[in-house]
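Take a look at the structure set out below.
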Amino acid sequence: MPLIATIIILLQACAQVPANNTSSTDGRTAQNQQATTSYEPGDREQFVLAEKSDKLQKYGFDGFCTDTKSFACRNRLDYDRYVGMKGYFNTDEPSHTDFSSYQFWPVVLENGRELYYVSNPKYGGKYGASADIVPLEQHEQVTRYSAEPLVPGSQILVESVEISFGRDVFTLDNGDKVGRDKLNHIRSIASQFPASQEKIAEQLLAFQITHDEVENQYFIQPNGSVLGNEAKLYIGLKPDKSWLRMKIKYYGDNWLFVQSYKIAADSFRWQSSSLSFERDHSGGNVWEWIDKSPTEEDIRNMQALATAENPIIRFQGKQYYSDFKLTGEQKNSITSTLRLYELLQF
């Protein structure tokens, strides 16, 4: 057979061979896109690939690897194809942990793909704030959610819920957002005062709430940054009593070694006695503070600051002093705290 004819026949044969290694948009081969196992979770722990913000969707899901060689998975899963897909953990423990504490969990996705999901306990584990997945139970609770009042009788509706960085975030009908923990705290506190629970719940939205499970007590503090001077009241609450606390804090880049403070609220003047301020520092900043149960005189002084046009606290140190003028937000928080405290009386 002539050489040219032989070459033509060989070329025609090659053209008929199917291209089984065509790459897809998410880096997998067409052959590997096919389901490799049936989806039978049984009683295994299930999850859902979580929704992401518009800005992050283009990066897909990068927490799923084809092997355990590196936690930096090369083949990202396409966002539009995989968002909302279920999966389950095929083992109760990770099959491999590398030198940086990254854990590789064998998983099966709903389309049958078998992969390794990568997590790290230092960053919240499997369901950390930046995780690609959320528990199936949490996803179903969000999907089934319907609007309800903040508390029974409240005019404020909790309209919807979404999962943001692994946590449930509720949207109120006034546009405000509140996390599940805070919503539960608000409802728990308000339920202790049935006669005024709507007012209490609605006022609590403007406060930070922490719960000490060991002591079974809440601390309710006004919103605001802690990286600055402070003059505030806050509330402690147990199942059978409530109490006020007062915090006065100097914050700056130089130590004052504060020994006392003076209040100038318009024409009102008041000088404290010598006090034992606590001290701490970090990142080039220092802070010195007192945190105490306020006397009646302390409360009157705080009210004077809250109502003054020009409320100033002078922190008096060993050699130097520093003046601090309360902001409008800080003034309002004093009044709001006292108003809430009146409602939280047993």
Side-chain angles (χ1 to χ4, degrees), residues 24 26-29 31-53 56-57 59-145 161-170 179-185 210-214 216:
S24 69
D26 62 356
R28 294 175 293 156
T29 63
Q31 185 177 15
N32 289 336
Q33 289 178 32
Q34 302 302 316
T36 59
T37 189
S38 58
Y39 189 77
E40 298 178 356
D43 59 355
R44 294 288 186 187
E45 180 183 353
Q46 293 189 77
F47 57 83
V48 173
L49 275 75
E51 294 184 6
K52 296 190 175 188
S53 66
L56 296 179
Q57 290 178 12
Y59 301 111
F61 298 100
D62 61 0
F64 294 88
C65 292
T66 57
D67 54 49
T68 61
K69 293 178 181 178
S70 172
F71 66 85
C73 306
R74 292 195 227 171
N75 300 325
R76 297 172 185 263
L77 302 183
D78 179 71
Y79 179 81
D80 291 331
R81 178 179 297 181
Y82 283 90
V83 64
M85 184 178 290
K86 291 190 293 185
Y88 65 87
F89 291 94
N90 218 4
T91 59
D92 295 330
E93 298 292 335
S95 63
H96 174 68
T97 301
D98 70 8
F99 65 93
S100 298
S101 299
Y102 282 94
Q103 299 175 330
F104 293 78
W105 299 82
V107 299
V108 178
L109 300 185
E110 199 171 10
N111 63 358
R113 290 201 71 192
E114 296 181 76
L115 297 166
Y116 293 95
Y117 176 68
V118 183
S119 68
N120 193 317
K122 292 187 294 186
Y123 308 123
K126 295 185 293 187
Y127 302 116
S130 59
D132 281 343
I133 61 175
V134 296
L136 175 61
E137 182 180 2
Q138 182 184 14
H139 173 78
E140 290 179 340
Q141 287 177 349
V142 168
T143 303
R144 294 193 301 263
Y145 183 80
V161 60
E162 61 183 347
I163 301 174
S164 178
F165 295 102
R167 299 181 180 275
D168 292 344
V169 177
F170 295 84
R180 179 177 290 279
D181 285 348
K182 182 171 181 178
L183 182 60
N184 289 341
H185 292 336
T210 56
H211 183 232
D212 184 335
E213 293 184 7
V214 175
N216 191 22

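Everything numeric in this text was worked out from a predicted model, so none of it was measured. Counting begins at 1 with the first residue of the sequence.
Rounding to the nearest 0.5 Å places OH of Y79 at 4.0 Å from CD of Q57.
Tested against L49 for a side-chain contact (heavy atoms from CB on, under 4.5 Å), the candidates L77, V134, V83, D132 yield a single pass: L77. Among Y88, F64, F61, the one residue that satisfies the ring pair (Phe, Tyr, Trp, His ring centres under 6.0 Å) test with Y117 is F64.
The two residues S164 and V169 make their nearest non-hydrogen contact at CB-CG2, 3.9 Å.
For E162, the CD atom sits in a packed shell: over 12 heavy atoms of surrounding residues, nucleotides or ligands are nearer than 6.0 Å. The environment of CD in E51 is sparse: at most 12 heavy-atom neighbours from other residues, nucleotides or ligands sit within 6.0 Å. Under a cut-off of 6.0 angstrom, the local environment of CZ in R44 is crowded, with over 12 non-hydrogen atoms contributed by other residues, nucleotides or ligands.
When side chains are defined from C-beta on, L136 does not count as touching F47, because their heavy atoms never get closer than 4.5 Å. Put simply, the side chain of V48 does not reach to within 4.5 Å of the side chain of I133, judged on heavy atoms.
With no hydrogens or angles considered, a side-chain donor-acceptor pair links N111 and Y82 at under 3.5 Å.
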Sequence neighbours left out, cut at 3.5 Å: what donor-acceptor pairs do the side chains of residues 98-105 make with other protein atoms?
{"from": "D98", "atom 1": "OD1", "to": "S100", "atom 2": "N", "distance (Å)": "2.9"}
{"from": "D98", "atom 1": "OD1", "to": "S101", "atom 2": "N", "distance (Å)": "3.2"}
{"from": "D98", "atom 1": "OD1", "to": "Y102", "atom 2": "N", "distance (Å)": "2.9"}
{"from": "W105", "atom 1": "NE1", "to": "S119", "atom 2": "OG", "distance (Å)": "3.1"}

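Checked against side chain to side chain contact (heavy atoms under 4.5 Å, CB included), S130 has no partners two or more places apart in sequence or in another chain.
The backbone N or O of H96 sits nowhere less than 3.5 Å from a side-chain atom of Y116 that would complete a donor-acceptor pair.
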